[in-house]
Amino acid sequence: MAESMPVRCPACLREHLYSAPSYPCACGAPVRPSLDPRATATAVTHRVWDEQWVTVCCTACGRGDQWPHPELGCPCGTVLRIPVTRPVPDTRPAGPRTKDAQPPPGAAKLPGTLRAPRPSARPRRAFQPVTIRTARDAVTAAALYLRWLGYQDIRRADQRPPSGVGLAARGVLAQVDPTVSPASLRDIECLWLTAMTESSDCVYFSLAGYEDEARAGAENLGVPLFVLDLTGTPQPVNSPADDLDATGV
């Protein structure tokens with residue numbers, strides 16, 4: 001059963017019963033933020049990227065990932081940030097190295113990425129979307145989808161795009177456009193040029209779709225285009241997006 005606790009709105013004093021949402025860990029087990037009943041909910045008056053994410057540890061495999069910080073919309077119009085408990089870091093000392101673990105005398109020390117072959121890629125589980133009700137939900141859906149594709153350490157991009165919100169991860173730059181206007185060719189070209197200067201790939205997410213010129217230009221430039229439906233599931237709309245959705249990274 002999902003953890004739940006009473007939450008009082010500080011603006012209108014209305015009380016709600018809140019249940020924490022679950023997200024799929026890479027191992028397949030559902031994970032939920034642990035709610036803190038000793039703290040009170042706070043009103044969200046200013047968006048700060050770091051405050052919109054919280055680290056949640058999977059009880060099945062111990063993996064820690066960042067997920068959207070739980071929030072609740074009160075009928076009075078106030079957005080409430082639900083308090084959560086923070087994971088306790090593992091401070092146990094590492095065990096002594098055994099003799100067998102020591103490298104032989106004179107052996108060259110290889111970089112970490114060369115010491116052992118990388119494990120083969122596992123089949124991806126089905127993407128678990130989040131319903132889009134606000135512009136923030138659209139950004140969250142895009143970030144979760146990028147993580148599902150295999151990108152790690154997703155953050156807000158250093159350079160703000162002309163429209164929408166920029167997301168960045170190792171090897172990719174993404175733009176999320178939650179407006180009601182279709183993305184233009186200029187929007188696609190600006191993203192592509194910015195990604196080129198950073199030697200990274202790029203992906204575009206739009207809530208309202210794309211102009212015909214934008215689709216043709218993205219096809220020529222190799223930019224994957226996705227449309228975010230209201231269920232929070234990105235739908236590929238060109239061949240680069242089809243390839244990325246099918247194979248991941």
Side-chain angles (χ1 to χ4, degrees), residues 1-9 16-74 78-92 94 119 121-157 165-172 174 176 205 228 231-234 248-249:
M1 179 179 293
E3 178 184 8
S4 62
M5 73 176 192
V7 176
R8 184 180 296 275
C9 175
H16 310 272
L17 187 63
Y18 179 81
S19 297
S22 65
Y23 301 99
C25 177
C27 72
V31 294
R32 289 185 175 87
S34 178
L35 306 182
D36 187 355
R38 298 168 298 178
T40 57
T42 57
V44 178
T45 57
H46 178 68
R47 293 286 184 187
V48 178
W49 177 256
D50 290 342
E51 295 178 355
Q52 296 183 40
W53 301 86
V54 61
T55 300
V56 181
C57 292
C58 176
T59 56
C61 68
R63 177 189 177 98
D65 275 324
Q66 285 193 317
W67 302 100
H69 195 122
E71 290 185 356
L72 174 67
C74 181
T78 303
V79 178
L80 308 176
R81 179 167 290 132
I82 310 301
V84 298
T85 59
R86 302 291 178 174
V88 179
D90 189 355
T91 58
R92 293 174 297 177
R122 299 177 181 175
R124 288 177 297 160
R125 293 180 176 272
F127 175 67
Q128 301 294 322
V130 291
T131 303
I132 295 179
R133 298 185 180 90
T134 64
R136 178 181 182 267
D137 293 336
V139 177
T140 298
L144 293 176
Y145 182 76
L146 288 171
R147 180 177 295 163
W148 178 76
L149 289 174
Y151 293 106
Q152 301 296 324
D153 301 325
I154 300 166
R155 64 190 187 281
R156 185 182 288 272
V165 176
L167 297 176
R170 183 176 301 174
V172 71
V176 186
F205 298 91
L228 293 167
T231 67
T233 303
V249 296

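Because only heavy atoms are used, hydrogens play no part in the values below, and waters and symmetry mates are left out as well, while side chains stay in.
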Correct closest heavy-atom pair for Pro33 and Ala20 would be O-CB, 3.7 Å
Could you report the tightest heavy-atom contact between Ala143 and Ile154, atom names first, then the distance? O-CD1, 3.1 Å
Yes or no on side-chain contact (heavy atoms from CB on, under 4.5 Å) for Asp36 and Val84, after CA distance, side-chain angles and deciding distance? CA-CA 5 Å; Asp36 187 355; Val84 298; 5.6 Å; no
Contact summary for Ala141 and Leu228, nearest pair of heavy atoms: CB-CD2, 4.4 Å
The criterion is salt bridge (Lys or Arg N to Asp or Glu O under 4.0 Å); which residues satisfy it with Arg133, sequence neighbours excluded? none
Using the side-chain contact (heavy atoms from CB on, under 4.5 Å) rule, take Leu149 and Phe127 through it: C-alpha gap first, then chi angles, then the decisive distance, then the call. CA-CA 9 Å; Leu149 289 174; Phe127 175 67; over 6 Å; no
Start with the C-alpha gap between Arg156 and Val165, add the side-chain angles, then the distance that decides, and say whether side-chain contact (heavy atoms from CB on, under 4.5 Å) holds. CA-CA 8 Å; Arg156 185 182 288 272; Val165 176; 3.4 Å; yes
Note: Pro234 and Gly232 closest approach over all heavy atoms is CD-O, 3.4 Å
Working to the nearest 0.5 Å, report the span between CD of Glu71 and CD1 of Ile82. 8.5 Å
Is Val7 close to Cys74 at the side-chain level, that is, under 4.5 Å between some pair of heavy atoms? no
Can you measure from NE2 (His69) to OG1 (Thr140) and round to the nearest 0.5 angstrom? 12.5 Å
Would you say Thr85's side chain and Ser34's backbone share a donor-acceptor pair under 3.5 angstrom? yes
Rounded to the nearest 0.5 Å, the CG atom of Leu146 sits from the CG atom of Asp153 at a distance of 12.5 Å
Distance-minimising heavy-atom pair for Ala142 and Val176: CB-CG2, 3.5 Å
Nearest heavy-atom approach of Ala169 to Gln152 is CB-O, 3.3 Å
